[in-house]
*Asks:* 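Here's a structure for you.
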Amino acid sequence: MMLCDLTGERYGRLTVCSRVEDKIYPSGKRGVAYLCKCDCGNETIVIASNLRGGHTLSCGCLSVESRKQVHS
C-alpha cells in the first residue's frame, strides 16, 4: 500500500508539518503519525487516518470552544 505524504496539507484547523514515528498499538498494528500545527498555535501528533477521515480537526481547542458555546 502506497501512502501519500500529507506534509503541507490542511485538515480543519490543523496544518501537517512533518511525519513522526509511527504509533504502534498493543495489537501490533501501526498507525502513520504526523506532527501538526493548530491555528491556535499548539502542536499535536495525529494519526493520518484520523486526519483523512475528518475525525481530528484541531488540537482540542475546537471541542473546548464548542462546549463553551453550548453552556453560554
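If you read the sequence from its start, that first residue is 1, and numbering goes on from there. Below, each value reflects all heavy atoms present in this structure, side chains not excepted, and no hydrogens, waters or symmetry copies.
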*Asks:* Of the non-hydrogen atoms in Ser49 and His55, which two are nearest, and what is the gap between them?
*Replies:* O-CD2, 4.2 Å
*Asks:* Please report the closest heavy-atom contact between Ile47 and Gly31, naming both atoms and the distance.
*Replies:* CD1-O, 4.2 Å
*Asks:* Report the distance from atom CD of Glu43 to atom SG of Cys59, rounding to the nearest 0.5 Å.
*Replies:* 10.5 Å
*Asks:* Check Cys17 against Thr7 and note the closest heavy-atom contact, atom names and distance.
*Replies:* O-CG2, 3.1 Å
*Asks:* What distance do Asp5 atom CG and Tyr34 atom OH have between them, rounded to the nearest 0.5 Å?
*Replies:* 4.5 Å
*Asks:* With heavy-atom distances below 4.5 Å as the criterion, would you say the side chains of Val64 and Ser58 are in contact?
*Replies:* no
*Asks:* So, taking the atom named CG in Leu57 and the one named CG in Asp39, what distance separates them when rounded to the nearest 0.5 Å?
*Replies:* 11.0 Å
*Asks:* Applying side chain to side chain contact (heavy atoms under 4.5 Å, CB included) between Leu35 and each of Thr44, Ile45, Val46, report the one that passes.
*Replies:* Ile45
*Asks:* In terms of hydrophobic clusters joined by side-chain contacts under 4.5 Å, are Val32 and Leu6 together?
*Replies:* yes
*Asks:* Checking side chain to side chain contact (heavy atoms under 4.5 Å, CB included) for the pair Cys61/Cys38: CA distance, chi angles, key distance, verdict?
*Replies:* CA-CA 9 Å; Cys61 64; Cys38 187; 3.6 Å; yes
*Asks:* Does the pair Tyr11 and Thr56 meet the rule for a side chain to side chain contact (heavy atoms under 4.5 Å, CB included), with working shown?
*Replies:* CA-CA 8 Å; Tyr11 297 89; Thr56 305; over 6 Å; no
*Asks:* From Asn42 CG over to Lys37 NZ, what is the distance, rounded to the nearest 0.5 angstrom?
*Replies:* 8.0 Å
*Asks:* Is Glu65 salt-bridged to Arg13, cutoff N-O under 4.0 Å?
*Replies:* yes
*Asks:* Does atom CZ of Arg10 have more than 12 heavy-atom neighbours, drawn from other residues, nucleotides or ligands, at distances under 6.0 Å?
*Replies:* yes
*Asks:* To the nearest 0.5 Å, what is the distance between CD1 (Ile24) and CZ (Arg30)?
*Replies:* 4.0 Å
